[in-house]
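In listed order, ligands and their atoms are each counted from 1. We're numbering straight along the sequence, starting at 1. When reading the values below, keep in mind they use all heavy atoms of this one structure, side chains included, and skip hydrogens, waters and symmetry mates.
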Amino acid sequence: MKGETKNSKTESYDLVILGSGPAGLTAAIYASRYHLNVLVVAKSFGGTANLAGEVENWPGFKGSGAELMAKMKEQAENFGAKFVETNVESVEKTKEGFKVLTEGKEISAKSIILALGTENRKLNVPGEKEFLGKGVSYCATCDGMFFKNKTVAVVGGADSAAKAALYLSEITKKVYILYRKHEMRCEPISLKKLCEKENVEIIYQSIPTEIIGDKFVKSLKYTQTVKDKEVEKTIDVNGVFIEIGSTPMTELTKSLALEMDQMYIKTDKQMKTNVDGVFAAGDNTNNKFKQMIVAAGDGAVAAKSAYDFLRFGSK
Ligand code: NDP
């Protein structure tokens, strides 16, 4: 059933996977091996995993996130999955299944896997928008090199902030980490590495209030709680890396009336949503442990569930 064409603008697939991070790509590998005719639609291949510098916790692999994603995509293609890099405009339920509208194309699908991942959470302080690309960044591995031998601040206290700070400490002269609580809550191995770095300084109980500059960022204002008092402070920095987590990309799926768990798509252990034929995998789901390997596992399960649904129906 390879890429059936209904008319010049409509293509039909057994399974359309939205998103191509570890969840979407693993789902594509598994679903193709089940001989489903699969299309992966994504804005950019690899998703946010592409931005991971050195991946240290993918069993048996050493390399960058982008390298791993490229290998996974190639593997999915070798099993027959098709890929299209485009914006998805809408997803709707139809009598026969689902209709996915992309820029200029209508795709029909008998089943869907939502693996859309997340987008960066914003700090929402003055200067954040104004200096985006002029010192403000959400991606240390993408933009770190612009700050060679300079001074930067990383905002956040979990794994992304820790990884960004470790990466930046190798390039820049000095890295400040601003975290609102009293102890970083990243993996202990990362905290140990950070504490061993001479050019990393963690400023606890601090909340950024403004990013200041002219053409480029020059300083960061923050309030710090010192002995129960809030003190206003400023540090001179050339860059501010905002690593304060992310929110799931679920906007597109509103039309499907999916049951949600707070902002995340609710699934059961088979990665089924409350809508027959719709499965979800990876960071856009209510799975609490947001890791590439977990997303990949979700993707495998979602592909098997989609296969069972197409073969045996919803029961
Ligand atoms: P998280 O949501 O885990 O953490 C966000 C951090 O930013 C927290 O420290 C949070 O503070 C802080 N924060 C949130 N909002 C604000 C705000 N408005 N102002 C200031 N600080 C704020 O996001 P991560 O991106 O770090 O991680 C996401 C997931 O990805 C996690 O599951 C993580 O384990 C995983 N990950 C794993 C990696 C690995 O190598 N194993 C690498 C990167 C991510 P508070 O602590 O107070 O909530």
Q: Which ligand 1 atoms does Glu187 reach within 4.0 Å, using its non-hydrogen atoms?
A: 41 (N)
Q: Can you establish whether the number of heavy atoms outside Glu230 located under 6.0 Å from its atom CD is more than 12?
A: no
Q: Nearest protein heavy atom to atom 34 (O) of ligand 1, by residue and atom, and its distance?
A: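 The closest one turns out to be Asp159 OD2, 2.5 Å.
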Q: For ligand 1, is any non-hydrogen atom under 4.0 Å from Lys163's backbone (N, CA, C, O), its side chain (CB onward), both, or neither?
A: side chain
Q: Any carboxylate oxygen within less than 4.0 angstrom of a Lys/Arg side-chain nitrogen, looking at Glu77 and Lys71?
A: no
Q: Think Lys272 forms a cation-pi with Phe279, using NZ or CZ under 6.0 Å from the six-ring centre and within 45 degrees of its axis?
A: no
Q: Check Asp159 with Lys163, please: is the shortest side-chain N to carboxylate O separation under 4.0 Å?
A: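 Asp159 and Lys163: not salt-bridged.
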Q: Below a 4.0 angstrom heavy-atom separation, can you tell me which part of Phe289, side chain or backbone, both or neither, approaches ligand 1?
A: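 Looking at Phe289 and ligand 1, no heavy atom falls under 4.0 Å.
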Q: Out of all atoms in ligand 1, which are within 4.0 Å of some heavy atom of Lys290? Include the element for each.
A: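 In order of numbering, the contacting atoms are 29 (C), 30 (O), 31 (C), 32 (O), 33 (C), 35 (C), 36 (N).
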Q: Which part of Glu56 is near ligand 1, with near meaning a heavy atom under 4.0 Å away: side chain, backbone, both or neither?
A: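 Contact part for Glu56 vs ligand 1: neither.
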Q: At less than 4.0 angstrom from any non-hydrogen atom of Leu123, what atoms of ligand 1 do you find?
A: 19 (N)
Q: Could you check whether Lys197 pairs with Glu170 (Lys NZ or Arg NE/NH1/NH2 to Asp/Glu carboxylate O, under 4.0 Å)?
A: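 Answer for the salt bridge query: yes.
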Q: Above 12 or not: heavy atoms from other molecules or residues under 6.0 Å from OH of Tyr30?
A: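 No.
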Q: For Glu11, is there an ion pair with Lys82 - N to carboxylate O distance below 4.0 angstrom?
A: no
Q: Using a strict cut-off of 4.0 Å, indicate which atoms of ligand 1 neighbour a heavy atom of Asn57.
A: 39 (C), 40 (O), 41 (N)
Q: What protein heavy atom sits nearest atom 2 (O) of ligand 1, and how far off is it?
A: Gly245 CA, 3.9 Å
Q: Under 3.5 Å, is there a donor-acceptor pair linking the side chains of Glu128 and Tyr138?
A: yes
Q: Is Ile207 touching ligand 1 with its side chain, its backbone, both, or neither, if touching means heavy atoms under 4.0 Å apart?
A: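 For Ile207, there is no contact with ligand 1 at all, from either part.
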Q: Determine if the distance from atom 28 (C) of ligand 1 to the closest protein heavy atom is below 4.0 Å.
A: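 It does not; no protein heavy atom is within 4.0 Å.
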Q: What class does the angle between the rings of Tyr307 and Tyr34 fall in, given that below 30° is parallel, 30 to 60° is tilted and above 60° is perpendicular?
A: parallel
Q: Got a salt bridge between Asp14 and Lys110, using NZ or NE/NH1/NH2 to carboxylate O under 4.0 Å?
A: yes
Q: Whether Lys129 engages the ring of Phe131 as a cation-pi pair (distance to the six-membered ring centre under 6.0 angstrom, angle to the ring normal within 45°) should be assessed.
A: no
Q: Just need the protein heavy atom nearest to atom 46 (O) of ligand 1, so name the residue and atom and give the distance.
A: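 Here the closest protein heavy atom is Tyr179 OH, 2.4 Å.
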Q: In the protein, which heavy atom is nearest to atom 4 (O) of ligand 1, and how far is it?
A: Ala158 CB, 3.2 Å
Q: To which protein heavy atom is atom 37 (C) of ligand 1 closest, and what is the distance rounded to 0.1 Å?
A: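 Scanning the protein heavy atoms, the shortest distance from atom 37 (C) of ligand 1 goes to Gln291 NE2, 3.3 Å.
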Q: Using a strict cut-off of less than 4.0 Å between a Lys/Arg side-chain nitrogen and an Asp/Glu carboxylate oxygen, indicate whether Glu201 and Lys174 qualify as a salt bridge.
A: yes
Q: May I ask you to check whether Ser246 has an N/O atom sitting below 3.5 Å from an N/O atom of ligand 1?
A: no
Q: Looking only at protein heavy atoms, which one is nearest to atom 21 (N) of ligand 1, and how far off is it?
A: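 The closest one turns out to be Ile244 CG2, 3.5 Å.
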Q: Starting from atom 25 (O) of ligand 1, find the nearest protein heavy-atom neighbour and note its residue, name and distance.
A: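 I find the closest protein heavy atom is Ser160 OG, 2.5 Å.
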Q: Applying a heavy-atom cut-off of 4.0 Å, say which part of Met184 lies close to ligand 1: side chain, backbone, both or neither.
A: neither
Q: Which residue supplies the protein heavy atom nearest to atom 8 (C) of ligand 1, what is that atom called, and how far is it?
A: Arg185 NH2, 3.3 Å
